[in-house]
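Notes to accompany the following structure.
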Amino acid sequence: MKLQITVIPRAGILDPQGKAIASALGRLGYTAVHAVRAGKVFRVEIDAADRESAREAGAAMARTLLANPVIEDFEVEVVD
Amino acid sequence: MKLQITVIPRAGILDPQGKAIASALGRLGYTAVHAVRAGKVFRVEIDAADRESAREAGAAMARTLLANPVIEDFEVEVVD
Amino acid sequence: MSYEPVTATRALLSEHKLTDEEYRRIQSVLGRDPNIVELGIFSALWSEHCSYKTSRVFLKEFPTKGPRVLQGPGENAGAVDIGDSLAVVFKMESHNHPSFIEPYQGAATGVGGILRDIFTMGARPVAVLDPLFFGPLDASRMHSLVDGVVRGISGYGNCIGIPTVGGSTFFHPSYAKNILVNVMAVGVVRHDRIFRAKAAGPGNPVLYVGSRTGRDGIHGASMASDVFDDEKAKRRPAVQVGDPFVEKLVLEGVLEVLQGDAVVAIQDMGAAGLTSSTFEMCSRGGVGMRLDLSKVPVREEGITPYELMLSESQERMVIVAHKGREEEVASVFRKWGVDAEVIGEVIAEPRMELLFAGEMVADLPIAPLVEDAPIYRRPFVLPVPAGEGGKSVALDGAPDDLTALKRLLASPNVSGKEWISSQYDWSVQGDTVVGPGSDAAVLRVKGTRKGLACSVAVNPRFVAADPGLGAAHAVVEAALNCAVTGARPLAVTDCLNFGNPERPEILGQFVAAVRGITGACLALDTPVISGNVSLYNETDGGSIVPTPTIGVVGLLEEVRDAVPCRFVREGDLVVLLGETRDEMGAGEYLATVLGREEGACPSLDLGAARAVVDLLVELASGRRLASAHDLSHGGLAVAAAEACFGAGLGVDLDLATDLAPVRALFSESAPRVLASILPGDEAAVLEAARRRGVPAAVVGRVVPESVRIAVRGRPALAERTGVLEAIWAGAFRDAMEEA
Amino acid sequence: MRFRVSVVVFPGSNCDRDALHAAEAVMGAEARFVWHQERDLARPDLVILPGGFSYGDYLRCGAMARFSPVMESVVAYAERGGAVLGICNGFQVLCEAGLLPGVLLQNAGLRFVCREVRIRVESTQTPFTAAVPRGTVLRMPVAHGDGNWNAAPEVLRDLEAHDQVVFRYVGAGGDRAPGATPNGSMDDVAGVRNRRGNVLGLMPHPERAAEAILGSEDGARLFASFVRSAAGAAA
Ligand SMILES: Nc1ncnc2c1ncn2[C@@H]1O[C@H](COP(=O)(O)OP(=O)(O)O)[C@@H](O)[C@H]1O
Ligand SMILES: [Mg+2]
């Protein structure tokens, strides 16, 4: 099964990369862009009995390793 | 409108980060994980007339700035 | 079955960059047609990049021996004795084409590749230097190329933990579509631990160590041997991605395993990967190998033998171990988390037998592919030096001298490069005595009192004006950069970046440059111990200016006594060593201030250069030098200003000369050095210079806060040091940050 | 008595040899490496988590190293009051492991930065600064891409209240100044300690500024302070 785990800096947490990208996009002429948040994404191939247990494993990985709960939120999606 | 732009190393291209994470997950006991690819995700807030034009703007940004077409693929999704 | 003999169509041969003539030679070597795997192997090994088929005949001219040389060209890197049973190992290489396609990965894997050359010799790498050559910053993609290259070097070098302690950065329109990324690495090893890449001992196991093989950069070696065009840039061959983390583990594993005696020979996989590494090891040892390619660790399914042999996946090594010791070797790598697999064995007969899934997929003799590879004696036309008889160039439209100095300090070639060097970890390993920003970096050698000075140099404009003389200047400048620290220049490495050698005038530049380097190395007693040739640096018919980059390592007996390149103390006397002539041709002043590139390359007296080097080493070891800085781009005025930066000092100079002030200030005559000495030392210093026949004069003193230069008593320019320093320090940073 | 210093080596540590050298040559300690898969710290008086790129720093700096077997021992050792010094990547590992407060984000300038900085001693409540007067300005290099220390405002207030900010970046004059902080750290924080004071993390590299030949001996003052405190404690 395939999971997509998305890790994004929490609202209110400094995101220097997102800020820099937003202003670079502005300079490139994308003036309709107001805000960018930059995060990480992980595509994980995993053996699992069903979607629910795959999702749970993904959430556990995110909690222990992939995201830092102090500054980041995560989302887990079963892609296929 | 909100876009999510996902940038992932192309198939066949070495992904050192994904490789290191996959083995870290293995060490942590997630032995059902075979492979991880690690990429970047950007959440972009943008003014756009409609979903289609938002998506197009997102694709253009990915091509010019967010992704490196030599080694990365990207996907654009309109989140809301 | 795909291992049938190929049908040598035009398209197939051209894809493999083989000529009809070369194909006939393959047929006669084999007595049959090759299969596709064999064809790929021929193509890689006979590429210019691997075989040096055009350059080899000329490189023979280099002086490569000397009492201190422990290993000259021919191994992964050269080695020079530095006493205390230690040797310094160094080499320079190019990663030009890959960096133009993908600057981050191209530059990163350039660092990775040259570091492997150092640690396969058994040496622990201690420093990296990065000579870079770019087009003007406003050229298409250039801004992101500069950014990407610097990030790539930083990303790889910092992670693996080898300090990047110096380099050079030169901008010229001829690099706009063909940037040059050269990287030099330096390592230190005990004499008795120097390892070589000579396979031996039939029955000895061959191990594959490091990252798994993917389809990265297949045809990289033939790409580097081909003229670039926009069409190819679009085809985008699979780019090699570097993994500095794995390289760090491979490095530690290799150095650990080489502490023991289980290893017979070791070689990294560079260009043409498994092919060149195994064939070259066999060639050096006069043996062969039988390899089972099914045993090669792979990253993805379905990789063919052809791809396995030609992949340029990074961070891989080949090791020949003593029979029965393979497990010992593999277990060291396993401890470091690195794959190590036995993939075959050494055989007595000098042949390469490759098996895959039980089938013989290639059976080739070694010598015809390596030492007896084709050698070309292509026609060449020696260049005619620019500038009629060194005639004085007119300086019409010259601004006042202060304005000119400010423009020079702001020019991309002269301005400070801290924006680059601060992205590199130059202090890791705790041995950096002098980091970037000086003529040469200085590293201490732990466990001794010694130090190593490392520098790179080339002035491509000089080389363009006169390839022979310009190349000699590069050797002299790199040596002088070391000597101003007090170090005795030991030896030279080079990276010869030129255009398409199939054009006689380009090959002529190459030949002249090799001769120029040879002459300078003989005069300075600095043999060439390693190097690299990068030809075909040409895009859409436009060639780069010839760029023979030179790296020099020098030895300081007492690293504590390393001489700084900037003034240290108010009241010191300033001494100018060397003669200033009317030599504005091919200079920075002409290019930057007047927008012209013309005139003759400055002359060079190699005996005088040797005398200046000897004098500097003598004065430094007698602790007579408070500071010393050699004069290069922009001449005396620029060097005088630079020597004031950092400490809030200034200088007050009065030049006694017959030259017009502008020429006295900005001529690029070499070799020259601006030194500061304690008042009271002048008699001894001038006497030492006289004894060695070096023109020397006290030209002023170190003062607070302002730079003032007069010529024959008449003020030429005066400005506060802070103003000049702000221009110099800010120009490049601002150009990179504003876009 | 000779001090025993254990330098932890993670795959990708690259200042481990520098730290060992500083421990031996500057502190006069008996120093050894402890491989990340070991659990025995070898009865140290001090554990150093050195700089580098553990596991390539591929996820977040320090995130993967935190799960190394040796870290269980380090955590237990720290909880017993053992002295732990995290330098650069070691600081990041300590934050990830929860032994020190805050996180180290990417530098505000989004680039790796290697340069000399000045840091001011703000707290003497650790053995590493006990003998270095508060307000002392020390010169040493930084070299990192992710040294932007951040914490929730209430966490920072709490740290201040308990004198846990040990170093701040300052300008040439010794005062906090624009441009002095190389990475955007909140409140110019360069190093923090735990409540008890036995665990210290900092981004700058004292081990690269511990000998005159390297241009600064200021880093050696931290090591000397530790040696004095530990000797005092033992006496
Ligand atoms: N790409 C670079 N990487 C690291 N250091 C650099 C780079 N470019 C320039 N420098 C440093 O800037 C200083 C000035 O360079 P350069 O002008 O080439 O030296 P020189 O004064 O000997 O001619 C040197 O110390 C050099 O190491
Ligand atoms: Mg110089």
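In what follows, chains are A, B, ... by sequence order, proteins preceding strands, each numbered from 1. For the numbers below, each heavy atom of this structure counts, side chains included, while hydrogens, waters and symmetry mates do not.
Of the two parts of Ile21(B), the backbone and the side chain both hold a non-hydrogen atom closer than 4.5 Å to a non-hydrogen atom of chain D. Neither the backbone nor the side chain of Ala38(B) has a heavy atom closer than 4.5 Å to any heavy atom of chain D.
With chain D as partner, the option from Ala24(B), Pro16(B), Gly18(B) having the largest number of non-hydrogen pairs under 4.5 angstrom is Pro16(B). Per-residue heavy-atom pair counts under 4.5 Å with chain D were compared for Lys19(B), Gln17(B), Arg27(B), and the maximum is reached by Gln17(B).
Remark: Arg17(D) CZ is loosely packed, at most 12 non-hydrogen atoms of other residues, nucleotides or ligands lying under 6.0 Å away.
Closest non-hydrogen pair, Ala20(B) versus Tyr55(D), comes out as CB-O, 4.4 Å.
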